[in-house]
Amino acid sequence: MIKDVMDTHTHTLASGHAYSTIRENAAAAARKGLELLAVTEHAPRMTGSCQAIYFQNLKVVDRHAYDVELMLGAELNILDEQGTVDLTENTLAQMDLAIASLHIPCIVPGSREYNTQACVNAVKNPRIHILGHPDDPRYPVDFRAIVQAAKEYGTLLELNENSLRPGGSRKNTRPQDEEMLKLCVEYQVPIVIGSDAHTDTDVGRHDLAHALLEELHFPEELIVNRSVDALKTVLENKRLQLK
Ligand SMILES: [Zn+2]
Ligand SMILES: [Zn+2]
């Protein structure tokens, strides 16, 4: 069994199309025995999500609930080939954890080269810790280039449970996930599993991701979810890249 003590990708009511609160998500994480929960609301360019001021005021929220450590941050939208995202540098500096992802309402899929550059430039950003669901077939990418950039810049690549679920918004992601995971083994690049929960009942749900990793005999030492320290080391190494 894969050791997994965290969920690094969850949404609450604030995201506009999710249905639980921070405390409901934290209680669910506690029930599942998680040590750490990241709350990563969609950034402002996602229709119906919260504005920048929401992220700027996260300092008022306790970082513990129900014996679970909380990290509060954002799932940023990658907006262009330069890897531009939709919160300012000042706001990003206040995030405990930042994911950056490609989303249909926020960036029109381009050529394989264009999509790859958008991802690689996000991966290079010292304020971005995780590249979210790079497996979306609507955005074909060069996984070798992304995995190499992830290695060089110490950014985590996400294996997203929602992507693997039948009926999820991203279809047929498995071939891309397999390709990415095999390259992660080749280059020794760590990954992180995130549920992408939009309800408290989905917090910590990583079953399909675990099954895929087990099937591929993916090495446990490359799965950051095994320990909070492993995640914190990644975050610290990214911090050291800030100029
Ligand atoms: Zn969402
Ligand atoms: Zn997303």
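Note that ligands are numbered from 1 as they come in the structure, with each ligand's atoms numbered from 1 the same way. As a basis for the values below, the full set of heavy atoms in this structure was taken, side chains included, without hydrogen atoms, waters or symmetry mates.
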In terms of side-chain geometry, is the basic nitrogen of [X] or [Y] positioned less than 4.0 Å from the acidic oxygen of its partner?
X: Lys232; Y: Glu69; result: yes
X: Arg165; Y: Asp202; result: yes
X: Arg127; Y: Glu89; result: yes

Reference residue Thr155; test side chain to side chain donor-acceptor pair (under 3.5 Å); the match among Lys124, His129, Gln241, Lys238: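 Of the listed residues Lys124, His129, Gln241, Lys238, the side chain to side chain donor-acceptor pair (under 3.5 Å) partner of Thr155 is Lys238.
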Number of protein N, O or S atoms [distance to the Zn ion (ligand 1) under 2.8 Å]: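 Of the protein's nitrogen, oxygen and sulfur atoms, 3 lie under 2.8 Å from the Zn ion (ligand 1).
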Pair Arg170, Asn160: side-chain N/O donor-acceptor within cut-off below 3.5 Å: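 Short answer, yes.
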Ring-ring centroid check His42 His198, cutoff 6.0 Å: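 They qualify: ring centres under 6.0 Å apart.
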